[in-house]
Amino acid sequence: DNAEGGKRERGLITVLNHVSGLDDPCVLAAVLPPEVIADLDGLRWTLCATDRCFRSRFWAHVFPHVKVIPVVRGAGIDQPLMDVAVDLLSRGEWLNVFPEGTRSQDGSLRVFRAGVGRLVADAVPSPYV
């Protein structure tokens, strides 16, 4: 949210490399005050692969409630839930992405996928990155 307490005029994309399955919740817990994390309206959305975050019935139920958007590995940047991500950014929401598309086993950066470029190009107005 902006300083006046309203929605941002432009969306925000945070781009993180992906070293472990706990990157997103642990990074947020380390840098954000607890009251921000507890406020789901102010918390970020994140993209997560269906084969990672949605493979069990339990997590498939939990993750949508904590603003996780399922994406299908290998389905490309035009899959329907990428359109949802573009719409969220266009409404001024915060979206966290892991542009490598998978976790790094040794901590090195892997090749970035085209998804971040699509989100930046298609969201109106163009989001902060």
Side-chain angles (χ1 to χ4, degrees):
D1 290 346
N2 67 25
E4 292 78 38
K7 280 290 182 197
R8 288 183 241 4
E9 291 180 24
R10 293 170 52 186
L12 170 66
I13 300 175
T14 47
V15 182
L16 303 172
N17 69 324
H18 204 11
V19 178
S20 78
L22 297 176
D23 287 345
D24 190 6
C26 290
V27 168
L28 288 175
V31 300
L32 295 176
E35 61 272 12
V36 173
I37 294 171
D39 176 20
L40 210 55
D41 288 334
L43 198 57
R44 60 69 195 118
W45 290 85
T46 195
L47 300 178
C48 188
T50 54
D51 64 334
R52 175 75 179 151
C53 293
F54 293 85
R55 64 181 171 196
S56 81
R57 194 175 302 171
F58 174 78
W59 290 117
H61 175 75
V62 169
F63 278 124
H65 296 287
V66 291
K67 299 177 121 176
V68 177
I69 301 169
V71 291
V72 178
R73 286 186 207 270
I77 61 174
D78 292 321
Q79 58 185 288
L81 287 170
M82 286 293 285
D83 294 335
V84 170
V86 168
D87 290 342
L88 290 167
L89 288 167
S90 295
R91 293 194 325 245
E93 295 285 343
W94 171 19
L95 178 67
N96 187 54
V97 296
F98 298 100
E100 299 159 284
T102 190
R103 291 171 310 285
S104 171
Q105 299 301 312
D106 62 5
S108 64
L109 287 178
R110 301 172 56 99
V111 174
F112 282 19
R113 305 284 199 210
V116 174
R118 191 235 162 160
L119 295 170
V120 171
D122 288 357
V124 177
S126 195
Y128 294 105
V129 181

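Using a 4.5 Å cut-off between side-chain heavy atoms of Ile, Leu, Val, Met, Phe, Trp and Tyr, with links allowed through other members, Ile77 and Val72 fall into different hydrophobic clusters. The cluster map of Ile, Leu, Val, Met, Phe, Trp and Tyr, joined by side-chain heavy atoms under 4.5 Å apart, puts Ile69 and Val129 in the same cluster. There is a path of hydrophobic side-chain contacts, each under 4.5 Å, that joins Leu89 to Leu81. Under the 4.5 Å side-chain heavy-atom criterion for ILVMFWY residues, a single connected hydrophobic cluster contains both Val84 and Leu47.
The two atoms that bring Val71 and Met82 nearest to each other are CG1-SD, 4.3 Å, heavy atoms only. Nearest approach of Pro125 to Arg10, heavy atoms of both residues: CG-CG, 3.5 Å. The heavy-atom pair separating Arg118 from Asp78 by the smallest distance is NH1-CA, 4.1 Å. Closest of all the heavy-atom pairs between Phe54 and Pro70 is CE1-CB, 3.5 Å. In plain terms, the two heavy atoms of Val120 and Pro127 that are nearest each other are O-CD, 3.8 Å.
Note: Arg52 CZ to Trp59 CH2 = 10.5 Å, rounded to the nearest 0.5 Å. Atom-to-atom distance recorded for Leu95:CG and Leu119:CG is 6.0 Å, nearest 0.5 angstrom. Atom CH2 of residue Trp94 and atom CG of residue Leu88 lie 14.0 Å apart, to the nearest 0.5 angstrom.
A donor-acceptor contact shorter than 3.5 Å links the side chain of Thr46 to the backbone of Asn96. Of the possible donor and acceptor atoms, none in the side chain of Glu93 sits under 3.5 Å from a partner among the backbone N and O of Trp45. Using modelled atom types, one side-chain atom of Ser90 and one backbone atom of Val124 make a donor-acceptor pair closer than 3.5 Å.
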Can Arg73 and Asp51 be said to form a side-chain contact (heavy atoms from CB on, under 4.5 Å), step by step? CA-CA 8 Å; Arg73 286 186 207 270; Asp51 64 334; 2.8 Å; yes
